[in-house]
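Scroll down for the structure; my scribbles are underneath it.
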Amino acid sequence: MCLLRLAYCKREVFNMASNYSLLLLFLVFAGTFLETKGKLTPKFYSSKCPKALSIVQEEVVAAIKNETRIGASLLRLHFHDCFVNGCDASVLLDDTSSFVGEKTAAPNNNSIRGFEVVDHIKAKLEKACPGVVSCADLLALAARDSVVYLGGPSWKVRLGRRDSTTASRSAANTSIPPPTSNISSLISNFAAQNLSLRDLVALSGSHTIGLARCTSFRSRIYNESTIDAAFANSLQGSCPRSGNDDNLANLDQQTPTHFDNLYYKNLLKVKGLLHSDQELFNGTSSADKLVKIYANNTFAFFKHFAKAMINMGNIEPLTGSQGEIRTNCRKVN
């Protein structure tokens with residue numbers, strides 16, 4: 001009798017232990033599932049749309065071959081998207097009866113471009129994998145591929161973002177730092193996005209490619225003292241004191257279509273085109289040290305730029321069941 005009772009007790013203990021192990025295993029899997037669901041991952045489309053990354057890369061390269069400037073434009077679209085309520089492709093939405101989009105906000109109006117290229121890439125993705133790849137992820141991939149093709153660093157783009165169903169012109173007006181920003185406002189602006197001083201200085205290096213409108217640097221070349229006089233004079237011919245607002249100048253005078261560290265070398269010579277550029281090296285801030293490092297070490301710049309792009313790409317993404325996967329990047333489904 002005692003032996004039977006002992007065997008029964010042992011069996012109960014065994015069953016309890018087994019049940020506990022199963023419960024623990026379930027909780028581990030559930031936790032892993034929830035963690036993965038809410039996080040971005042470079043392999044998000046590995047099984048859902050295996051050709052997604054190659055499609056974006058091929059189309060970005062083709063677009064840059066057609067117009068070199070478009071690489072900088074695609075990079076800028078990703079930046080202007082992420083800084084307004086997160087990386088959710090809100091920057092791509094046209095105005096509707098229910099909201100005014102971000103395209104006509106002060107930092108974007110007559111400035112951001114590349115929408116037709118985005119449309120073309122999205123059409124290719126929809127043909128390959130209908131309703132799978134988000135416009136927000138498209139922008140993140142296109143930014144990386146543009147930088148790489150123009151000679152810059154590569155990084156693993158974390159994917160799984162979904163698209164917003166609205167946009168905010170007012171948020172774009174307040175969230176994107178203007179070219180007149182001083183160093184303290186730049187630091188505050190980036191900190192509001194959980195980006196560090198190093199992220200700020202490294203991401204500003206994207207101005208090693210692309211162009212800027214006269215209206216964004218006019219005041220600097222006529223009114224500021226922290227600028228090389230010959231450099232300022234060379235710009236005044238195409239950017240008069242009034243008029244010709246849309247005339248363009250290279251952000252990097254030497255290699256405007258090659259991603260390198262000459263942007264920082266120019267800052268050391270007080271040849272930053274925008275006021276906000278030169279503020280990174282003004283002799284009064286902790287950013288000066290980073291500018292010197294990047295001016296003298298391309299590897300350090302590339303390494304920190306890649307990390308900063310990953311950090312920026314993580315700003316408030318919509319995941320899981322949030323938002324949607326737009327069929328047309330210009331409008332909600």
Side-chain angles (χ1 to χ4, degrees), residues 38-42 44 56 60 71-93 101-103 105-108 111-115 117-118 121-122 133-147 152-179 181 185-207 209-210 276 304-319 322-326 329-330:
K39 285 189 175 181
L40 306 180
T41 169
F44 188 81
V56 176
V60 165
S73 300
L74 292 172
L75 175 58
R76 190 161 179 250
L77 272 179
H78 183 44
F79 173 80
H80 281 225
D81 178 40
C82 291
F83 264 60
V84 183
N85 297 324
C87 309
D88 59 5
S90 60
V91 71
L92 302 176
L93 288 172
E102 298 162 19
K103 293 179 179 180
N108 297 334
S111 181
I112 56 171
R113 57 196 299 277
F115 301 111
V117 172
V118 171
I121 298 173
K122 180 59 173 172
V133 182
S134 70
C135 300
D137 279 345
L138 187 167
L139 289 181
L141 288 167
R144 189 273 309 273
D145 295 339
S146 295
V147 169
S154 184
W155 60 93
K156 290 184 178 180
V157 179
R158 296 175 184 175
L159 303 165
R161 302 170 190 81
R162 289 170 64 84
D163 301 322
S164 68
T165 55
T166 188
S168 174
R169 186 176 187 269
S170 60
N173 278 326
T174 57
S175 300
I176 300 171
S181 299
S185 64
L186 286 170
I187 292 172
S188 297
N189 186 284
F190 276 67
Q193 306 290 354
N194 291 319
L195 296 174
S196 67
L197 174 67
R198 195 181 81 174
D199 291 330
L200 159 63
V201 180
L203 289 172
S204 296
S206 62
H207 285 179
I209 55 175
S276 55
H304 292 171
F305 180 84
K307 288 183 177 179
M309 287 296 292
I310 292 173
N311 292 340
M312 186 180 77
N314 283 338
I315 298 175
E316 298 181 20
L318 300 176
T319 58
Q322 298 173 311
E324 64 179 18
I325 304 298
R326 286 185 220 139
C329 291
R330 293 174 181 263

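Model, not experiment: these values are computed from the prediction.
In this structure a side-chain-to-backbone donor-acceptor pair under 3.5 Å is present from Gln322 to Thr319. Not a single donor-acceptor pair under 3.5 Å links the side chain of Asn189 to the backbone N or O of Leu186. Under the 3.5 Å distance criterion, the side-chain polar atoms of Asp88 are left unmatched by any main-chain donor or acceptor of Ala136. Side-chain N or O atoms of Lys103 include one that pairs as donor or acceptor with a backbone N or O of Leu92 at under 3.5 Å. With hydrogens and angles disregarded, no donor-acceptor distance shorter than 3.5 Å links the side chain of Arg161 to the backbone of Ala89. Asp163 contributes a side-chain N or O that, together with a main-chain N or O of Arg326, makes up a donor-acceptor pair within less than 3.5 Å. With hydrogens and angles disregarded, a donor-acceptor distance shorter than 3.5 Å links the side chain of Gln193 to the backbone of Phe83. Between the Lys156 side chain and the Thr41 main chain, no donor and acceptor come within less than 3.5 Å of each other.
In this structure the side chain of Leu318 reaches within 4.5 angstrom of the side chain of Ser164, judged on heavy atoms.
Nearest approach of Trp155 to Arg144, heavy atoms of both residues: O-NH1, 2.7 Å. The two residues Ser206 and Leu75 make their nearest non-hydrogen contact at CB-CD2, 3.5 Å. In plain terms, the two heavy atoms of Cys329 and Leu93 that are nearest each other are O-CD2, 3.9 Å. Contact record, Ala106 with Asn173: N-OD1, 2.7 Å, taken as the closest heavy-atom pair. Closest non-hydrogen pair, Ala105 versus Ala172, comes out as CB-CB, 3.5 Å. Pairing each heavy atom of Ser146 with each of Val60, the nearest pair is OG-CG1, 3.5 Å.
The line from NE2 of His207 to OG of Ser276 is 6.5 Å long, rounded to the nearest 0.5 Å. Residue Leu74 holds its CG atom at 10.5 Å from CZ of Phe115, rounded to the nearest 0.5 Å. Taken from NZ in Lys39 to CG in Leu159, the straight-line distance is 15.5 Å, to the nearest 0.5 Å. Here the straight-line distance linking atom CG of Asp199 with atom CZ of Phe190 works out to 8.0 Å at 0.5 Å rounding. Note that the CG atom of Leu195 and the CG atom of Leu200 stand 8.5 Å from one another [nearest 0.5 Å]. Distance check, rounded to the nearest 0.5 Å: CG of Asp145 to CD1 of Ile121 gives 8.5 Å.
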Review point. Run the side-chain contact (heavy atoms from CB on, under 4.5 Å) check on Leu139 and Cys87 step by step: do they pass?
Key: CA-CA 9 Å; Leu139 289 181; Cys87 309; over 6 Å; no

Practice item. Give the C-alpha distance, both sets of side-chain angles, the deciding distance and a yes or no for side-chain contact (heavy atoms from CB on, under 4.5 Å) between Ser90 and Thr166. Key: CA-CA 6 Å; Ser90 60; Thr166 188; over 6 Å; no

Point to revise | CA sep, side-chain torsions, deciding dist, call: Ile315, Asn194, side-chain contact (heavy atoms from CB on, under 4.5 Å) | key: CA-CA 8 Å; Ile315 298 175; Asn194 291 319; over 6 Å; no

**Study point:** side-chain contact (heavy atoms from CB on, under 4.5 Å) assessment of Val84 paired with Val91
**Key:** CA-CA 8 Å; Val84 183; Val91 71; over 6 Å; no

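Side-chain contact annotation: Glu324 with Thr165, donor-acceptor N/O pair under 3.5 Å absent. A donor-acceptor pair shorter than 3.5 Å can be found between the side chains of Ser170 and Ser168.
Remark: of the listed residues Arg113, His80, Arg76, Arg169, His80 is the sole one forming a side chain to side chain contact (heavy atoms under 4.5 Å, CB included) with Asn108.
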